[in-house]
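Chain naming here is simple, since letters A, B, ... match the order of the sequence lines and numbering starts at 1 in each.
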Amino acid sequence: MSLGSNARQPRSPHPAPTRSLTLTNILFGLAVVAIVIFCLAPVLWQVLTSFKLTEDIIAIPNIYFPTRFTFDHYIQLFQRQPFWRYVLNSTFVAVTSTITCLAIGAPAAYALARLHPRGSHWILAGILLVTLFPYILLIQGLLQIVQVLHLANNYLALIITYTAINLPLTILVMRSFFAQLPKDLEDAARVDGYTTVQMLIRIVLPLTLPALVTTGILTFIASWNEYIFALTFITEDTMKTIPVAAAQISGSSTYEAPYGPIAAATVVGTIPLILLVLIFQRQIIQGLTAGAVKG
Amino acid sequence: MTRPSPLIDPIQARDRRTGLYLVLPAVIVLLLVFAYPIAQAFWLGLFANNLGTGLQPVFIGLGNYLRILGDGFFWQTFVTTFRFTIISVLLELVIGMGIALVLNRAFQGRGAVRTIAILPWALPTALIAMVWAWIFNDQFGIANDILLRLGLVSRETLINWLGQPWTANLAIIVADVWKTTPFISILLLAGLQSIPADLYEAHALDGGTPWQGFWRITVPLLLPQILIATLFRFAQAFGVYDLIQVMTGGGPGGATAVVSLYIYANAMRYLDFGYAAALIVVTFVLLILAVVLCNAWINRSRSKASGAS
C-alpha cells in the first residue's frame, strides 16, 4: 500500500513547483470547462427553448432559467404534422443505406486488401479522389438519372446515393482492418477446402464485426444527416426525411417564425444521434481516425 | 499484359478473378453516382438547355464558359466561398489543436469530455443551422442578449446578425467552426497520442519551454495529420450547402451565397441546365487543381520532414 502511494507522490520534491502546478491545473480545468460549454451550450439552449412557453421564448431580455415548462411545442409538432412519419422515414433510409453500404463495401474492401484484382490501384486512387467531391457537383447528373429511371419520390434514389457517398470511407476503413488480420487463418481455411467467398462469409467477416459496427455507425450518421439529396429527390411531403422536414418548418410562415416547434423539431431530429454518440463514441473516433489516416 | 503472366499461379489468378467480382458492385455504384454526373456536366456544359430553348439542348460550344467569365455574381460567390473556407478551416485548426492538446492529458472524466467534444460533428448540419439561426436571431437571439448584458450594445443598436453582409458571413463561419472543429480535434488527438512522451521529457531536460516543445516537436510530428485534416476540410467547406441554405439562404442580398447555392439555384430554380453544368465543370476543375496543389505540398513537406529526422 505505502509503496503504491509512494510511487505516485514523489514527483515534486520542492513546494514551489507544486504551486505552479496547481495554477496550471486551474487553467487546465478552465480549458476543460470551456470545451464542454463550447460543445454543449448551443444544443442545450435549443433544448431549453423547446420546453419554454412561447411568451417566455420571445421575452426580452432572454429568460435563461424559466420557471414554467411546456410540452406544447412537441404536441404541436406531432399533431399538426406527420412528424413521427419523418422519424420513421429517416430511420428506414438510414438503416437500409447502412446495410447496403456494408454489403457492397466489405467484400470490395476484402478484395482490395487480399485478392489484388486488376486495376486495384486505379480503384483506390478513385476512391480517395471522390472522398473530396462536394455533393453539389453530383446533384444535376443524379437528378437526370432519377428522372430517367422514374425514381423521384422513391427511397431507392436516396439509398443508392447514400450507399455511394459512404462507400469510400467504408472501403478504406474495412480494408485496413482486413489487412491487419493474420493471414494464417485464411491459409488454414483454404487447406480445409473453403472457397474465397465461403471463407469471407464464415470466417473473416465475423472477425471484423467491430469494424463493421464502426463503419456502419458512420454511414448511419451520414445518411440520417444528409440534406441536399433528400431535399431534391423527395418532394412528397409524407416521404421527407427529418433534416428536410424540420428545415421547412422555419420557412413555412414568413411573418411569425414558430420558434418553439422549430426547437422541438431540432431536438427530435438530434436525439437519436446523441444516443448513438453516447453509446458508440469509441467506434466513431476509431472509424474517423482510420478513415482519414488511410486517406 | 495481354497474356496472363506465367509467374502467377492458378490459385492467385482465380483469386484475382474472385476479387474482381467482389469489387465490381462497389465500382459500379461509385461510377454511377460520382463519375456519371461529372461526365454529364462536361457534355451538357456545351449546350444551352434552359427555358429560352424550351428545355431542349442547343449546341453552343464554349458559350456557357464565356458567360461564366462575364458572370460577376459567380465570381462573387467564388470569393465568398473561398473566404469562408480559408477562415473556417484556419479557426478550426487552431481551436481543434487546443481541444486535442487538452484531451491528450490524463484527467478525471476525460472519456465524458471526449464524448461531448465529438457531439457537434455527429449532429445534422441542417438542424444545427436552425440552432445557430436562432442564436443569431436579431430580436430574441442569445448572441445579442449576451452583448446587451455586457453593455456592448444597447436596445437601439442590437445587431441584425443575419441581416447585414459581414455579420451574416461571420455567423455562418461561427456555425461551421462549431460543427466541424470536433472532426479536426479527433484527427489531431490520434496523432498526438502517437508522439512518445520521452521526446518532451528530453526536450525539457535540455531546458526547452513547453511552448518551444510545441513548435519543435508537436507541430512537425503532427504535420501529416494537420495536412490531411486541412485537405479534407478544405474540400468539404468549399462545397458547403445545407448550413448556409438553412441559416441565411444566401442572403442578405447574396452576401453569403456560396458556389454551391448558385449552382443549385441555376439547376433547380432557373432551370438553366446547360449553364449549371458549365458551373459544375468549372468548380470541379478548380477544386481538382486545388487538391493537386495541396497534395504536392503535403508530399513535399512529408519528404522534408522525413529528410530532417
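- In terms of heavy-atom pairs under 4.5 Å with chain A, the best-connected choice from B/S260, B/A35, B/G109, B/A267 is B/S260.
- Side-chain atoms of A/V197 and B/T18, non-hydrogen and from C-beta on, do get closer than 4.5 Å to each other.
- Most heavy-atom pairs under 4.5 Å with chain B: of the set A/V36, A/L273, A/N225, A/I284, this distinction falls to A/N225.
- Of all the listed residues (B/A112, B/G98, B/P37), the one sharing the greatest number of non-hydrogen pairs under 4.5 Å with chain A is B/P37.
- Side-chain atoms of A/Q140 never come within 3.5 Å of backbone atoms of B/A276 as a donor-acceptor pair (strictly under, hydrogens ignored).
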TODO: Please lay out, stage by stage, how B/N144 and A/N62 fare under the test side-chain contact (heavy atoms from CB on, under 4.5 Å).
DONE: CA-CA 10 Å; B/N144 268 342; A/N62 278 344; over 6 Å; no
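- Here B/L127 is the residue among B/L20, B/L127, B/I95, B/L103 with the most heavy-atom pairs under 4.5 Å with chain A.
- Atoms SG and NZ, on A/C39 and B/K179 in that order, are 11.5 Å from each other to the nearest 0.5 Å.
- In this structure, the salt bridge (Lys or Arg N to Asp or Glu O under 4.0 Å) partners of B/R149, at least two apart in sequence or on a different chain, are B/D145.
- By number of non-hydrogen pairs under 4.5 angstrom with chain B, the leading residue of A/T196, A/I165, A/L142, A/L129 is A/L142.
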- [ ] Let me see the working for A/I145 and B/L32 under side-chain contact (heavy atoms from CB on, under 4.5 Å), right down to the final yes or no.
- [x] CA-CA 9 Å; A/I145 297 178; B/L32 181 76; 3.8 Å; yes
TODO: Take A/F133 and B/I38 through the side-chain contact (heavy atoms from CB on, under 4.5 Å) test and state the conclusion after the steps.
DONE: CA-CA 10 Å; A/F133 271 34; B/I38 299 292; 3.7 Å; yes
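- Side-chain atoms of B/W134 never come within 3.5 Å of backbone atoms of A/Y259 as a donor-acceptor pair (strictly under, hydrogens ignored).
- Considering only heavy-atom pairs separated by less than 4.5 Å from chain B, the leading option among A/A108, A/G119, A/G269 is A/A108.
- Taking both residues in full, the closest heavy atoms of B/I135 and A/P42 are given as CD1-CB, 3.9 Å, listed atom of the first, atom of the second, then distance.
- In plain terms, the two heavy atoms of B/W178 and A/V43 that are nearest each other are CH2-CG2, 3.7 Å.
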With a 3.5 Å cut-off and sequence neighbours excluded, list the donor-acceptor pairs that the side chains of residues 115-125 of chain B form with protein atoms.
| residue | atom | partner | partner atom | Å |
| --- | --- | --- | --- | --- |
| B/T115 | OG1 | A/Q281 | NE2 | 3.3 |
| B/T115 | OG1 | B/G111 | O | 2.9 |

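- By the 4.5 Å heavy-atom criterion applied to side chains, B/V27 and A/W122 are not counted as neighbours.
- Counting all heavy atoms, side chain and backbone alike, B/A235 lies closest to A/P134 at O-CG, 4.2 Å.
- Only the side chain of A/I127 comes within contact range of chain B, judged by heavy atoms closer than 4.5 Å.
- Atoms CZ and OG1, from B/F34 and A/T131 in turn, are 8.5 Å apart once rounded to the nearest 0.5 Å.
- Heavy-atom distances place no part of A/Y135 under 4.5 Å from chain B, backbone and side chain included.
- In this structure, a donor-acceptor pair under 3.5 Å is present between the side chains of B/Y36 and A/Q144.
- Distance CD1/A/I104 to CG/B/L22: 12.0 Å, rounded to 0.5 Å.
- In this structure, the portions of B/V29 lying under 4.5 Å from any heavy atom of chain A include both its backbone and its side chain.
- At a 4.5 Å heavy-atom cutoff, the contact between A/L278 and chain B is made by backbone and side-chain atoms alike.
- For the residue pair B/Y264/A/T232, the side-chain donor-acceptor check at 3.5 Å is satisfied.
- In terms of heavy atoms, A/A164 sits closest to B/L30 at O-CD2, 3.6 Å.
- With a threshold of 4.5 angstrom between heavy atoms, A/I221 approaches chain B through side-chain atoms but not through N, CA, C or O.
- Chosen from A/L138, A/T270, A/T266, A/V277, the residue pairing most often with chain B at heavy-atom distances under 4.5 Å is A/L138.
- Looking at A/R190, only its side chain comes within 4.5 Å of chain B, counting heavy atoms on both sides.
- Between A/I285 and B/I186, the shortest heavy-atom contact is CG2-CG2, 3.9 Å.
- Across all their heavy atoms, B/F140 and A/I57 have their closest contact at CB-O, 4.1 Å.
- Contacts of B/L24 with chain A are absent, with no heavy-atom separation under 4.5 Å from either backbone or side chain.
- Only the side chain of A/L112 comes within contact range of chain B, with at least one heavy atom under 4.5 Å from a heavy atom of that chain.
- Taking A/L276, A/L231, A/V267 one by one and counting their heavy-atom pairs under 4.5 Å with chain B, the maximum is reached by A/L231.
- When each of A/L40, A/L143, A/I139 is scored by its heavy-atom pairs under 4.5 Å with chain B, the top score falls to A/L40.
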Task: Steps toward side-chain contact (heavy atoms from CB on, under 4.5 Å) verdict (A/F28, B/F107) - done: CA-CA 10 Å; A/F28 184 77; B/F107 62 92; 3.5 Å; yes
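- Taking CZ of B/R114 as the start and CD1 of A/I35 as the end, the distance is 12.0 Å to the nearest 0.5 Å.
- Between the CD1 atom of A/I136 and the CG atom of B/D242 there is a distance of 10.5 Å, given to the nearest 0.5 Å.
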